[in-house]
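To start, the structure itself, in structure tokens.
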2 protein chains.
Amino acid sequence: MNKELPPWEKAREEFVAQWGSFGTQWGINRTMAQIHALLMTAPEPMCTDEVMEKLEISRGNAHTNLKDLVGWNLVRIITRKGDRKEYFEAEKDVWKIFITISKERKRREIEPAIHLLRDCADRTKDEAAGPGREFHQQMKDLDEFLSFGVKVADTVITMKHASALQWAMRLLG
Amino acid sequence: MNKELPPWEKAREEFVAQWGSFGTQWGINRTMAQIHALLMTAPEPMCTDEVMEKLEISRGNAHTNLKDLVGWNLVRIITRKGDRKEYFEAEKDVWKIFITISKERKRREIEPAIHLLRDCADRTKDEAAGPGREFHQQMKDLDEFLSFGVKVADTVITMKHASALQWAMRLLG
DNA sequence: TCACGGTTTCACTAGAAACTGAAAATACCG
DNA sequence: CGGTATTTTCAGTTTCTAGTGAAACCGTGA
């Protein structure tokens, strides 16, 4: 059944499967990563049933993860006139993907962490010396570092790919 | 029992607990993140039993995660003369922590991904047109992007904190 | 209004990951 | 050598997450 696949599709299946495992290493679940890989390499937008079939997963699973990907702004819904089905299409531009993921991670992961650090720093700002003071300083250091990172990210995020590239090249130069 | 804790220790407990949850959002398991937070804010190196007690976890759990952290180079083992126990101490310098984590993630996550992409690109390099060609290009694009990222990371990794800061400031400037 | 194609939800289950506790291994000391 | 303090391993258990499949829920057109 796999024999009939054109060679590039074989490579694609490899890619999808492996991308799934990589996903799990990050916090991302296997199916979500696989669907993303699948759509990134899809010549045309795909519907839920096609995804189900390709990955041999249930409708519920396909549905939830497709919608999650839409929530991450990595996939958009396409509708066709005279067709009630929804089709899904992934962003393929690598730079845009990078921007999108950075934004989301910043919002979901970094910013909450910064809040925690500020809170802990605040609660110990009157510590004059000793372990308490050191703790306070550590919280401030972490906060400062992450906040600075966010600033850099914000700058990069608003850059065009070309400008970012140019900027980075200067560093490597 | 918590009443007797100095205020900074209360903040610390909050920090440790929360850092644990953040950990899970990344691929990191709760306990490992908590131990890391605990050690980062420890005035002195701690031994296994202290960690067990503070976090109310089993010896096995404490042991495995401490050793994992050592494996990540985020924690080092300290021994004291006349004392058979091992003590654990976390790197506290934020920049160094960042460097260490970047290195490890690069090695464990990015480089394997690059290999996969190269392999998939290679296997489809003869596709002349159509979907096969597009797939090939997508693999190449992803590879190029990640490889470039690695180069940038390698440069940053070898920089002193001050130089990196200066460099980043110019961007924000 | 009903029937149909499609989407969404959700109670349940399978499997993975984390954790425990105790036994086994190791290191050190007289 | 014992004997003791500590580390390491691991079988068994718990906990959590991902995934299933079917029922409920739309929206549309006849």
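As rounded to whole Å, 20 Å separates atom P of C/dA16 from atom CD1 of A/Ile28. Protein atom CD1 of B/Ile77 is 15 Å distant from nucleotide atom P of D/dT6, rounded to whole Å. Atom P of nucleotide C/dA17 and atom CG of B/Asp68 are separated by 14 Å, given to the nearest angstrom. Rounded to whole angstrom, the span from the CG atom of A/Asn65 across to the C1' atom of D/dT20 amounts to 13 Å. Summarising the geometry, the separation between CG on B/Leu66 and P on C/dA18 is reported as 16 Å, rounded to the nearest angstrom. If you measure from atom CD of A/Gln25 to atom P of C/dA17, you get 11 Å, rounded to the nearest angstrom. We find that CG of A/Asn29 is positioned 15 Å from C1' of C/dA17, with the value rounded to whole Å. Atom NZ in A/Lys67 sits roughly 18 Å away from atom P in D/dC25 (whole-Å rounding).
Along DNA chain C, the nucleotide nearest to A/Thr24 and the one nearest to A/Phe88 differ in position, and the one closer to the 5' end is contacted by A/Phe88. Residue order along DNA chain D, read from the 5' end via each residue's closest nucleotide, puts B/Arg84 first among B/Arg84 and B/Tyr87.
Using a cutoff of 4.0 Å between basic side-chain nitrogens and carboxylate oxygens, A/Glu111 and A/Arg105 are not scored as salt-bridged. Salt bridge B/Glu127/B/Arg133: absent, no basic N to carboxylate O contact under 4.0 Å. Under a 4.0 Å N-O distance rule, the pair A/Lys10/A/Glu13 does not qualify as a salt bridge. By the 4.0 Å N-to-carboxylate-O rule, A/Asp49 lies too far from A/Lys85 to be salt-bridged with it. A salt bridge does not link B/Arg80 with B/Glu86: none of the charged nitrogens is closer than 4.0 Å to a carboxylate oxygen.
The residue B/Thr64 sits apart from the nucleic acid: no heavy atom pair falls under 4.0 Å.
Between the side chain of B/Ser147 and the main chain of B/Glu144, no donor-acceptor pair closer than 3.5 Å is present.
Taking 4.0 angstrom as the limit, B/His63 places a side-chain polar atom (N or O) nearer than this to OP1 or OP2 of D/dT8. Phosphate proximity of D/dT7 to B/Lys85: absent, as no side-chain N or O sits under 4.0 Å from OP1 or OP2.
Contact of the A/Thr48 side chain with the A/Tyr87 side chain is not registered, since no non-hydrogen atoms from C-beta on lie closer than 4.5 Å.
If you check residues 38-62 of chain A against DNA chain C, the residues with a heavy atom closer than 4.0 Å are A/Arg59, A/Gly60, listed by number.
For DNA chain D, each stem of at least three Watson-Crick or G-U pairs (distances under 3.5 Å) is given as range with range: C:1-30 with D:1-30.
Linking ILVMFWY residues whenever their side-chain heavy atoms come closer than 4.5 Å, directly or via other members, leaves B/Leu5 and B/Leu55 in distinct clusters.
Remark: the A/Thr64 side chain and the A/Arg59 side chain contain no N/O donor-acceptor pair separated by less than 3.5 Å.
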